[in-house]
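Side chains included, hydrogens not; waters and symmetry mates left out as well; all remaining heavy atoms used. Remember, predicted model here, so these are calculated numbers, not experimental data.
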Amino acid sequence: MGSFNSFGSTSKTYGAGKNIWHEISGTYPVGGTISNLSDFASGTVIPSGSMCKYDAVNATIKILTAADATTTPTDVNGLLKEDIYVDDAVKGTNGAATGCVVYAGEIYVSRCVQAIPSTVLAVLPQIVAIKEA
């Protein structure tokens, strides 16, 4: 009988976030690790719907914010599918947080924690913004 290797993983469950996606019709086939995780404090949440710059070659996702002066709308090629909780375990040298980037679907923009600028939505034509309020 051959050997079987299993790699350890941990998971934690936290309170439910808001459902911001009405429909997801397209995600990049492979997710990626969050390349700028060190920019976020432990104990915080990177909210779903955050703007992403996905690099398929390196399988990395850079989370972009509207407050970042270096961010331009053309840098964004999708939005984060789910919340990511940042803790010390994932920020360590052996830890990594992963995410999935949505490039097509319908999103409730009024439920998003961070506002998605209209200039960003303009470069994401397959994402439809639904306004409830």
Side-chain angles (χ1 to χ4, degrees):
M1 178 170 242
S3 65
F4 177 75
N5 292 329
S6 63
F7 298 93
S9 67
T10 60
S11 65
K12 296 179 182 179
T13 303
Y14 300 94
K18 293 180 181 176
N19 182 13
I20 64 165
W21 292 102
H22 178 72
E23 178 183 346
I24 295 174
S25 52
T27 61
Y28 289 102
V30 177
T33 57
I34 308 302
S35 63
N36 60 333
L37 192 64
S38 61
D39 293 350
F40 300 91
S42 291
T44 61
V45 173
I46 302 172
S48 58
S50 293
M51 299 178 291
C52 299
K53 182 175 185 176
Y54 176 62
D55 179 352
V57 173
N58 297 308
T60 59
I61 301 168
K62 181 176 182 184
I63 305 297
L64 305 172
T65 62
D68 183 2
T70 63
T71 299
T72 62
T74 55
D75 289 338
V76 181
N77 56 5
L79 303 176
L80 193 62
K81 180 180 177 185
E82 297 169 330
D83 293 337
I84 298 172
Y85 182 77
V86 180
D87 66 8
D88 289 329
V90 298
K91 289 181 81 169
T93 56
N94 295 326
T98 59
C100 179
V101 179
V102 177
Y103 65 84
E106 297 176 357
I107 187 169
Y108 294 106
V109 291
S110 55
R111 297 182 191 179
C112 292
V113 173
Q114 297 175 357
I116 303 168
S118 58
T119 53
V120 169
L121 290 170
V123 297
L124 300 172
Q126 295 183 70
I127 294 182
V128 177
I130 300 172
K131 297 177 184 174
E132 294 179 296

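Residue Glu23 holds its CD atom at 12.5 Å from CD1 of Ile107, rounded to the nearest 0.5 Å. From Lys62, atom NZ reaches atom CG of Asn36 across 6.0 Å, with rounding to the nearest 0.5 Å. Note: Leu79 CG to Ile20 CD1 = 7.5 Å, rounded to the nearest 0.5 Å. Here Ile84 contributes atom CD1 and Ser50 contributes atom OG; the two are 8.0 Å apart, rounded to the nearest 0.5 Å. Distance check: Ser25 OG to Gln126 CD gives 7.0 Å after rounding to the nearest 0.5 Å. Asp75 contributes atom CG, which lies 4.5 Å from atom NZ of Lys53 (distance to the nearest 0.5 angstrom).
Panel note: side chain Asp87, backbone Ser42; no donor-acceptor pair is recorded below 3.5 Å. Between the side chain of Trp21 and the backbone N or O of Lys81 there is at least one donor-acceptor pair closer than 3.5 Å.
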Run the side-chain donor-acceptor check on residues 114-124: report pairs under 3.5 Å with partners two or more places apart or on a different chain.
none

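A pairwise comparison of heavy atoms in Gly99 and Ile34 identifies N-CD1, 4.3 Å as the closest pair. Shown here for Cys52 and Leu80, the closest heavy-atom pair between the two residues is SG-N, 3.5 Å. The heavy-atom pair separating Ile46 from Leu37 by the smallest distance is CD1-CD1, 4.0 Å.
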### Task
Apply side chain to side chain donor-acceptor pair (under 3.5 Å) to Thr65 and Asp68, showing your working.
CA-CA 5 Å; Thr65 62; Asp68 183 2; 5.1 Å; no
### Query
Is there a side chain to side chain contact (heavy atoms under 4.5 Å, CB included) between Ser110 and Lys131 once you walk through the steps?
CA-CA 6 Å; Ser110 55; Lys131 297 177 184 174; 5.7 Å; no
#### Entry: Evaluation steps, side chain to side chain contact (heavy atoms under 4.5 Å, CB included), between Val101 and Thr27
CA-CA 6 Å; Val101 179; Thr27 61; over 6 Å; no
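Among pairs with a residue in residues 54-81, those fulfilling ring-ring contact (aromatic ring centres under 6.0 Å, His included) read Tyr28-Tyr54, at least two apart in sequence or across chains.
Neither Ile61 nor Val102 shares a network with the other; the hydrophobic side chains, linked directly or stepwise wherever heavy atoms of I, L, V, M, F, W or Y lie under 4.5 Å apart, form separate groups for each.
For the side-chain contact (heavy atoms from CB on, under 4.5 Å) with Leu64, the lone residue among Val76, Thr70, Thr72 that qualifies is Val76.
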